[in-house]
Amino acid sequence: MNRWEATPVVAIIGAVVLLIAGILTTVYSQSIYQAQKLNEVQVQAQVVSASVAGALAFEDSAAGTQYLAALKRNPEVAAAGAYDERGRLSASYSRSAGEMPPATAPSPGSAQRGRHFVVVVPVMQDSIRLGSVYLRTDAETFARSARRYAGIGLLTLMASLLIGVLAVAQSTVRGANIRLKQQADDLREVATRQSAIFNAAFDAIVTLNPSGGIETINRAGERMFGRAAQDLLRRDITLLIDLGREGDGDFLKRVGETPEALAGGLLREVTGRRCDGTVFPVDVALGAMELPDGAHVVAVIRDITDRKKTEQLKHEFVSTVSHELRTPLTSIAGSLGLLSGGSGGKLSVAAGRLVGIAHSNCQRLVRLINDILDIEKLESGKLRFEFAPVDVGELVLSAVEDLRGYAVEFGVGVKVAEENATFCVRGDVDRLIQVVTNIVSNSLKFSPPGEVVEVTLSREGHLGRISIADRGPGISEEFQGRVFSKFAQADSTDTRQKGGTGLGLAISKEIVERHGGRLWFASVPGRGATFHIDLPLIEVAHTSAQETADGRLLVCEDDPDVAAILRETLEQDGFNVDVVATMRDAATAIAQPKQYAALLLDLQLPDGDGVALIRRLRERDETRNLPIIVVSAYVDKGREVARSHSLNVVDWMEKPVDIERLRRAVSAALAGSASSDRRATILHVDDDHDILRVTATALAGLGKIISVDGLAAARAAILQERPDLAILDIGLADGSGLELLPDLDELEGDIPVVVFSAQETDPALLHQVDEVLVKSRSSMASLARTVRRLVRDPERPLV
Amino acid sequence: MVAALCLLGVSVTANSSRGESSGLEYAVKGAFLYKLAAFVEWPSSAFDDPAGSLRLCVVGTNPFGEQLAQLTAGQRIGNYPIQVRRLGALDRPAGCHILYIGNADALAVSRTIQGVRGKPVLTVTDARFEDSTRGIIHFVLRDNRVRFEVDSDAAARNGMRLSSKLTSLAVPGRARSFGP
């Protein structure tokens, strides 16, 4: 008990003690006083008795009366009487008429009778009983004194109570003050700490009222946005960052969140705006403060310009490096491939072996670079998946098919279970094939010859499962935790034998997880391993045609005649067509919320490069999946405006190019060309001379190769001789290979085009345009069909 | 007491020929007689015998009859019982503490008083008998009430002291005896 709690206790005890003492004293003194008073009266009676003794003895009433009359001096004496030995009243005294002594002597004694003291004493003289004296006095004054005593006692009591109460009150107040002061100190301390944290923080900390108005902003915030705190008070937070819809009303509602959601922390990347209007990227972390008047919000804002820059730099670095690495690799791989294929002449056994080693390692390097790039893209979130309904059964069959050669190499069989119940998932078919291929090839690698790798499909609840089982050595206990980590291989000695980059499983896992699934395994060391790919099932939903989107197309074509033809053709097929003539108008038109089902774009526009527009559109969320048809219909002036315009043919390939694929594509393209009896002329436009040389070698048997390294040279070559096939590189020094398309189209007949690109910086573009550039050598009539097909089923590959 | 009263009443009736209320008068005087002892101080030589008593003697005529003895029965002065004696003519009065002289003869009274002069004897005379010679206490009648005169000098001559309570009740004497 501290001092301040003891004092009231002490005070109360003291008051009680005083009270008891007061009562006791009063009572005690009262009784003492009474006894004293009685005694006094008794003494008085004794005196009287002594004085009247003689009168009584000698029956002198007069004398007796005279003696008694002396009592008159005492106003308190009410009556007195002297009685002889026979009890007869001999002499008397009365203060007033009504106050008479009794007629006969009462027995001796003293007592308080109501308001009087009554005393009767015997009168003795020398042992002779002469009579008795009766004396009656007022107890009034006594009563008055008693009352006064009581009054004093009461006053003392009240005074002590008052003192006690005051003491209690004072100590309580003091205690309360101490506590208050302590609380105030605590609060101040908390406030000081918080203020220190607030202002020392490196990131901007802003607190908002429930409507989104700024309540406080710390120094870092003032610096970040270049404004003073008092200028920002009560302004809406959207002044500083693009978070939430504009307008009034509950801020959290505008952001689309609830206080409970914020409890787990909410992080968003938005744009911040400085006072001078410049914008910069920021991370915003939101938290809720539940206060009596609503959910206030605290926003911690971090300027991530640097981070973004770093990311950008890293990204650019990786892609630059990859490009720089890939380009020479293409040449190396190509050359070695050709050499081992015998293009450089027959090789001796030893030479052949050496070349084989170099080639396979080169291919491994290529794969490694691809994997590294993939991982980087995955981790930076740059890897874009094209989700579509995928028939997993078909996917697995196709992946296994591609691995047949590999399997033969290892002497291991691949069995896809017959009774597999296929299922559909939503995924990127290429990436899923990549995953299945990766795992099956691992299984093949680690299976002893003669064994079989089994692939089965099954359903597990709401998941579909692809299981790949091998009977290899299995995965040891120690390694099981590291299976999916990067560059982890069970045994480094295996590495050289087994090949592999060490990244395959990491990439596969990432891809599967991005598909909302799980990649895991079960293994008994020595008995084999089974890998499982779990993916969420979807119902095979028939992508219903979007009747509304069926409606509107945007045509960007500067030639009014062509535009008219396009419009006419498409409108006949039931589309609504908007026509613009410049890239800028096209961009504006698309920016509007009107939904276009597709864009028909002429690459050769007066105010810019259609490719650039495509690139821009692919970067934006709203238009990433917008079907774009590149139309370079060139109207032959003078010819009747008829339906004899052709579109372009493209097939995209990525570098480092698979020479085999190139050959196949070229062969296929040439097969369709009109003249097959003369040697085909192949125009190859690429700014990389090594690629030109390698390609020339690779395609040597297919025709005459004209290799040029730029647009201008290409145009000159076209003028000189009409090519039967064109192989174009997008990234040319003086432009884009696509710009040749119109030139090619001017030539007679339809010229198939194969396009290369090593530009990883535009993966979206590549991929998308792959879909988009229509592989059709048909006429306008089929444009509508194609457009319709694109519009209705944009995910379906177009071959 | 009641008996005494009745006797008084009888004696009053019996003695009515002697004078109205003379019986009552002598009852009162008798009471006074022994009560006097309470208001008088004898020298210590008068009471040197602890087994003794206070002697109340009557010489001459005894007007009290048996009353005195009755009145004083059981009474004590201090610790001394009261003994009532009737003195004959030849008895010496010096051994008495209180001596009531009931002689009508002034000479006899005077002679009795002289006889005990200097001795601690409270001489009580009665105006009824003889009014010219007075002892230390002299009963008189005033307003039909028994009163007494006191002679403090005579008391002092006899070595006694009279209480002021007594002397204050005394009536003043008319004539003093210049007797011896």
Side-chain angles (χ1 to χ4, degrees), chain A residues 42-73 80-93 102-108 119-135, chain B residues 1-5 8 21 24-25 27-42 47 53-54 56 71-82 97-98 122 124 137-150 161-171:
Chain A
Q42 229 173 349
V43 162
Q44 212 169 18
Q46 301 278 16
V47 166
V48 167
S49 104
S51 62
V52 303
L56 277 177
F58 302 112
E59 297 175 21
D60 196 342
S61 298
T65 306
Q66 205 175 358
Y67 287 129
L68 288 185
L71 289 171
K72 196 176 165 138
R73 275 181 306 197
Y83 304 80
D84 63 16
E85 69 267 28
R86 281 194 272 262
R88 292 180 302 195
L89 186 66
S90 167
S92 71
Y93 161 77
T104 52
S107 41
V119 170
V120 176
V121 297
V123 182
M124 302 289 283
Q125 184 75 31
D126 224 352
S127 310
I128 300 181
R129 176 77 192 271
L130 297 170
S132 50
V133 159
Y134 166 95
L135 195 58
Chain B
M1 263 307 146
V2 177
L5 275 167
L8 264 172
S21 55
L24 187 60
E25 180 191 328
V28 173
K29 283 175 181 167
F32 279 24
L33 261 183
Y34 80 88
K35 285 179 186 175
L36 279 171
F39 295 92
V40 167
E41 256 181 64
W42 280 268
F47 287 97
S53 50
L54 187 143
L56 173 65
L71 278 171
T72 61
Q75 299 279 15
R76 280 180 181 261
I77 302 284
N79 268 333
Y80 292 91
I82 304 172
H97 294 99
I98 305 175
L122 186 76
V124 182
I137 307 288
H138 183 65
F139 284 138
V140 297
L141 273 181
R142 293 272 188 277
D143 305 319
N144 238 13
R145 301 192 79 85
V146 178
R147 290 277 178 267
F148 49 84
E149 293 168 6
V150 297
R161 214 177 68 81
L162 301 177
S163 160
S164 56
K165 299 174 192 176
L166 188 66
T167 54
S168 60
L169 291 170
V171 298

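Computed from heavy atoms alone, side chains included, the values below leave out hydrogens, waters and symmetry copies. By convention in this document, chain letters (A, B, ...) are assigned in the order of the sequence lines, proteins followed by strands, and residues within each chain are numbered from 1.
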What verdict does the salt bridge (Lys or Arg N to Asp or Glu O under 4.0 Å) test give for B/Arg145 and A/Asp60, after you've listed the backbone C-alpha separation in whole Å, the side-chain angles of each residue and the deciding distance to 0.1 Å? CA-CA 9 Å; B/Arg145 301 192 79 85; A/Asp60 196 342; over 6 Å; no
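Taking 4.5 Å as the limit, some side-chain heavy atom of B/Leu36 sits within range of a side-chain heavy atom of A/Phe58.
Between B/Ser168 and A/Tyr67 the shortest heavy-atom distance is OG-OH, 3.2 Å. Scanning all heavy atoms of the two residues, the minimum distance from A/Ala63 to B/Leu169 falls at CB-CD2, 3.4 Å. The nearest pair of heavy atoms linking A/Ser127 to B/Arg76 is CB-O, 4.0 Å. Summarising the geometry of A/Gly54 relative to B/Phe39, their closest heavy-atom pair is CA-CZ, 3.6 Å, with the distance given to 0.1 Å.
The neighbour count for A/Gln66 CD, taken as heavy atoms of other residues, nucleotides or ligands under 6.0 Å away, does not exceed 12.
For chain B, no part of A/Ala62 is nearby; none of its heavy atoms comes within less than 4.5 Å. Heavy atoms of B/Ala31 lying under 4.5 Å from chain A are absent altogether.
Here the straight-line distance linking atom NZ of B/Lys35 with atom CD1 of A/Ile128 works out to 8.0 Å at 0.5 Å rounding. The CG atom of A/Asp126 sits 9.0 Å away from the CD atom of B/Glu41 when rounded to the nearest 0.5 Å.
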